[in-house]
Amino acid sequence: MQQQDRRAAVAAYKERKPAAGIYVVRCAAGGVWVGQSQSLDTVQNRIWFALRMGSSPCRSLQAAWQTHGADSFRFEILERLAEEETDYIRNAQLKARLAHWRAALGAQTI
């Protein structure tokens, strides 16, 4: 019975559609960075891993991380986009919403 439950869980995981959207990383000492992702469920782990390894492509975020430490940072999902049929439409929406949030928060882009 456990084998069936495991197979069903694996199948359900593979069939899920990741949520696309906009997220923000905030530093308590100051600094706001906004980004977009096709998979909001996994983006925080990817960013935190790169920061811990010192390999983030966003130099200002990496510098703030090294200066203030991991405990000073917070990750938030700002907006989840509705599921779209085409990648083109989803990518256009992500780009537009990223520009909106960057301007609204005075943030840098990740």
Side-chain angles (χ1 to χ4, degrees):
M1 194 68 158
Q2 280 185 338
Q3 187 73 349
Q4 275 185 316
D5 292 342
R6 179 174 162 74
R7 285 185 186 150
V10 168
Y13 178 80
K14 288 181 179 179
E15 291 176 16
R16 72 176 174 77
K17 298 221 178 199
I22 307 298
Y23 61 89
V24 64
V25 174
R26 298 178 193 268
C27 178
V32 180
W33 296 265
V34 176
Q36 66 182 13
S37 177
Q38 296 286 344
S39 178
L40 289 173
D41 300 338
T42 60
V43 71
Q44 181 182 3
N45 288 336
R46 180 174 45 89
I47 293 169
W48 263 226
F49 178 79
L51 289 167
R52 283 192 308 269
M53 295 294 113
S55 61
S56 174
C58 183
R59 291 179 188 248
S60 62
L61 178 57
Q62 184 70 59
W65 180 276
Q66 290 172 322
T67 301
H68 303 292
D71 292 338
S72 297
F73 287 84
R74 194 171 79 236
F75 177 90
E76 299 172 40
I77 294 174
L78 292 174
E79 184 174 354
R80 290 181 188 269
L81 298 183
E83 204 173 298
E84 287 296 331
E85 293 185 25
T86 67
D87 288 340
Y88 177 78
I89 292 172
R90 183 175 45 248
N91 289 338
Q93 287 177 335
L94 282 171
K95 185 177 179 181
R97 299 309 296 161
L98 178 65
H100 163 78
W101 283 108
R102 183 176 181 196
L105 298 173
Q108 298 178 51
T109 303
I110 295 179

Exercise. Pairs in or reaching into residues 100-110: which pass side-chain hydrogen bond (donor to acceptor under 3.5 Å, both in side chains), with residues at least two apart or in two chains?
Worked result: S60-Q108, E79-W101, R102-T109
Problem set entry | Transitive ILVMFWY side-chain link Y23 to W48, under 4.5 Å | yes
Problem set entry | Listed partners of R59 passing side chain to side chain donor-acceptor pair (under 3.5 Å), at least two apart | none
For this session: State whether the number of non-hydrogen atoms from other residues, nucleotides or ligands found under 6.0 Å of F49 atom CZ is greater than 12.
Result: no
Problem set entry | Verify same cluster id: L78, I47 (apolar side-chain graph, 4.5 Å) | no
For this session: Kindly write out the residues that satisfy side chain to side chain contact (heavy atoms under 4.5 Å, CB included) with E83, not counting sequence neighbours, or none if the list is empty.
Result: K17
For this session: Under the side chain to side chain contact (heavy atoms under 4.5 Å, CB included) rule, what do R74 and V25 come out as? Steps first, then yes or no, please.
Result: CA-CA 6 Å; R74 194 171 79 236; V25 174; over 6 Å; no
Exercise. Linking I/L/V/M/F/W/Y whenever their side-chain heavy atoms sit closer than 4.5 Å, directly or via other members, would I110 and L40 fall into one cluster?
Worked result: yes
For this session: Compute the ring centroids of W33 and W65, then answer whether they are less than 6.0 Å apart.
Result: no
Problem set entry | Side-chain H-bond candidate by donor/acceptor type, Q38 with N91, under 3.5 Å | yes
Exercise. Is there a path of hydrophobic side-chain contacts, each under 4.5 Å between heavy atoms of I, L, V, M, F, W or Y residues, that connects L98 with L81?
Worked result: yes
For this session: Give a yes or no on whether I89 and L94 share a hydrophobic cluster (residues Ile, Leu, Val, Met, Phe, Trp, Tyr; joining criterion: side-chain heavy atoms under 4.5 Å apart).
Result: no
